[in-house]
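Written below as structure tokens is the structure these notes are about.
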Amino acid sequence: MQPLEAPIYLIHDDRRALRSMQRVLRSTLHPVVVTDHLNGGSPAIAVVSAERYADVADELTSRGITCLVVADAPREVAAALVEQGAVTHLIASPMPALHEELVTSALKLLSRDLFGLEKYVAWGTPVRELVLSSTLDRRRAVDELQLALDDLGIPSRLQRQAMLICDELLSNAVHNAPIDEHGASYLRERSRDLDLPLHGRERPRLRWGADARYLAIEVTDRYGTLEPRDAISYVAKSRRRDSAVRMDTAGAGLGLAMAYAASNQLVINLAPGVSTQVIGLIDLRVEPQGTSPACASFHVFEERPHA
Amino acid sequence: MPDHSSAVLLETGRLILRGRLDETCHLSDLARDGRIAGELEVDLAEVTYINSLGVRDWVSFLRLLRQRGVAVTLDDCSETMVQQMNMIPDALGGAGVRSFQAPFTCDACGWDGRLRLDAAEVTPVIAGGVAPAAACPDCASPARFSDYLDRYFLFLE
């Protein structure tokens, strides 16, 4: 007999959506419990609709239960959750991407195996890699990405989105991530057009790959200094049309917000003090028309010590 | 190779920007040097890319001109500029928009590209919740606006 896995709690008012999500989540081999509230139970994770999230948010937070919020609700509800910085995982993709994202995110949380773009693209997808050795390598990396995407026949609109994600994530990894032994961010205020050599831990890594569904752009630093609450607050900024541009610092304070706005899904993997990895995913199947999705999906995964 | 030109061409009362707007462009220096006065028309048709530092430089450029009483009109704004103006209202900075580009697709012949729209003509159409109409430049069939109607035109509000 296999040991009984902790259940996944599923809280959603729409019966049809419940059934399809229940089926998808069973593939994790964890029992899926459809319920109206937590009732003091101890699920491995909870999956909650955006409409029901307010009912259970306090209990989830106080008990440290990780929650995947599914934003198939009215668009205003999902958008408000992002603007308030209220959630760490928001699944906003339409079907069929919703199911792909739901099962991938649940498996990452259950297995505690968080890092790598391979979790989002088909098995065997070629992945290219570049390690930056100077600050201006960022521009060379963006150029190389554009040329490669052009060769693949990716439309120019999506090329621009990918370049922006790559540029902004690398800029953060080069200038904001490194700290000295006193915790000071010594490259943060250096001008972004200076060419400075990068050494050892300072060198971020860019990886990217594309299958028929997603183009994934991954940037990893070796410091792990991004705080989850800061990441969520930057993402929230992209939803508020009053986003202020910082004029008195070397960076504009918009990088992560712009990367989120250019992505269909933004994934942040954190190993505090060790590494921050951000993956921007562009859904190659989407043909924009009609009404826009309420917002893009985002996830902040954080490595925690095993119990 | 990718276009890095970020060219800034200043004719009398007209500025043409091309290529990438990023940390190397230094547009705000142009606003400070006193060559621009009165009215300025900025042609943005060939701006292909703008990052967060380019947005900041652009916002600073518009603010400086506004402080000096220069009336700015934006002409033929590229998709990449429209996207930033939609996300960051400061990127419009009180300037008027004469025309802009929008993506269209032709379902009859498969053409896919950008068409120039006149802001004054399309604003009432958009306000009615209808996509602007256009003809395919290849086969003259009706072309379909191929972005999100509720998001692409936010900057016109």
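Here the structure is a predicted model, which means the values were calculated and not measured. Just the heavy atoms: all of them, side chains too, but no hydrogens, waters or symmetry mates, feed the values below.
For residues 140-150 of chain B, heavy-atom neighbours of chain A at less than 4.5 Å comprise R144(B), S146(B), D147(B), Y148(B), L149(B), D150(B), sorted by residue number.
For the pair R63(B) and D90(B), the salt-bridge criterion is met [side-chain N within less than 4.0 Å of a carboxylate O]. Salt bridge present: R116(B) and D75(B) bring a charged side-chain N and a carboxylate O closer than 4.0 Å. Salt bridge annotation for E218(A)-R205(A): present, with a cationic side-chain nitrogen under 4.0 angstrom from a carboxylate oxygen.
Side-chain polar atoms of Q159(A) and Y49(B) form no donor-acceptor pair below 3.5 angstrom. Side-chain contact, D57(B) with S28(B): a donor N or O sits under 3.5 Å from an acceptor N or O.
Below 30°, between 30° and 60°, or above 60°: for Y152(B) and F100(B) the angle between ring planes is between 30° and 60°, a tilted geometry.
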